[in-house]
Amino acid sequence: MSGFERGAIVLLHEGGRTLRCAISLVDAPLPALEEATRDILGPEEESLLTDRLAPARRQSLLAGRRAAKNALCLLAPGVPARDISVLPGLLQQPVACVPGRSNLQVTLAHAGTAAMAVAHPEACPMGIDLERAAPEQQSALIEQTTPRERALAQTVLPYDEHQRLLLLWCLKEALSKALRCGLTVPFSLLEIASLAPLPGGVRARFENFTQYEGVAFCAPPLSAALVMPHTVRWESAGGAASPQMLHDWLREIVALHHHRSG
Ligand SMILES: CC(C)(COP(=O)(O)OP(=O)(O)OC[C@H]1O[C@@H](n2cnc3c(N)ncnc32)[C@H](O)[C@@H]1OP(=O)(O)O)[C@@H](O)C(=O)NCCC(=O)NCCS
């Protein structure tokens, strides 16, 4: 398939044990995804791709499934992508079924032509979000934050107000996916308690869900967040203690878009 595809396995250390998760980021136009449909979707998933779907939904469904399969295949090498299914559960959450592996799940998000997924063991609940700046949503974003959150973000993040709000939103949506409730709960429940700077982003803790920690990265106009139990210590390639490559990948996509439009 032509398009941008990156993936990596990350080690998750907790107490005395080590688990593994895999991150995938995909950016591809709809025709390239449509062409690869038979490589991406298994028979059950094909029924989700009906002719009634708007192009934007076909794009998000295919890009999201592609990223999900890429990530799951990294953790289950040798299993063909078409033999893996990622179907909506009763809460619309993605439910992965990987032949021979009973304990793998996936969390995914899409924004425009891009999609991101993290495959993870069920033992380590995770949630992600990926957003593209949309200045027309500024007032909605302000409404869903407290003055304290906005002040925290202003202290820590060297970005304009819209990107800061977007990053706060990403962290909360990623938490809502880790919890499997989605954004059906009052935003105040998902409140951010603290933010600490990371290169290209932040590390966050939550007011009401102290079990979790989030990391979020910003490569304007894109922002992405990943939430996991706070006791987990990350180890990406080269020993990095955060999924820093995500920031690099986001920047690559932004550069690619500039190149295409310029
Ligand atoms: C889940 C939710 C936060 C996603 O927000 P979004 O900005 O529209 O979309 P994103 O690209 O960030 O994420 C979409 C993905 O989240 C995942 N998702 C959906 N519901 C989820 C849940 N309850 N828990 C975890 N993940 C969920 C899905 O994988 C979905 O992608 P897919 O439909 O292609 O499989 C939002 O749709 C929501 O709050 N839904 C709950 C309300 C609901 O159930 N609506 C039903 C629609 S009629």
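Taking both residues in full, the closest heavy atoms of A71 and A117 are given as CB-O, 4.1 Å, listed atom of the first, atom of the second, then distance. Nearest approach of V106 to H120, heavy atoms of both residues: N-NE2, 3.9 Å.
With hydrogens and angles ignored, the 3.5 Å screen pairs no side-chain donor or acceptor of R20 with any backbone N or O of I9. A donor-acceptor pair is defined here as one N or O able to donate and one able to accept, closer than 3.5 Å; no such pair exists between the side chain of R65 and the backbone of L62. Side-chain atoms of D27 do not come within 3.5 Å of backbone N or O of F4 as any donor-acceptor pair. When atom types are taken as modelled, the side chain of R101 and the backbone of L75 share a donor-acceptor pair closer than 3.5 angstrom. Side chain of K177 to main chain of D129: no donor-acceptor pair is present (N/O by atom type, distance under 3.5 Å, no hydrogens or angles). A distance-only check finds no donor-acceptor pair linking the side chain of S47 to the backbone of P43 [under 3.5 Å]. Remark: side-chain polar atoms of H247 are paired, donor with acceptor, to backbone N or O of C218 under 3.5 angstrom. The backbone N or O of Y159 lies less than 3.5 Å from a partner atom in the side chain of R164, making a donor-acceptor pair. The backbone N or O of L183 sits nowhere less than 3.5 Å from a side-chain atom of E173 that would complete a donor-acceptor pair.
Electrostatic pairing of E46 and R38 counts as a salt bridge here, judged by a charged N lying under 4.0 Å from a carboxylate O. A salt bridge does not link R233 to E213: none of the charged nitrogens lies less than 4.0 Å from a carboxylate oxygen.
In this structure, a donor-acceptor pair under 3.5 Å is present between the side chains of S223 and Q163.
Here the side chains of R6 and M116 are not in contact, with every heavy-atom distance at 4.5 Å or above.
Screening E149, E191, Q144 for a side-chain hydrogen bond (donor to acceptor under 3.5 Å, both in side chains) with K172, the sole residue that qualifies is E149.
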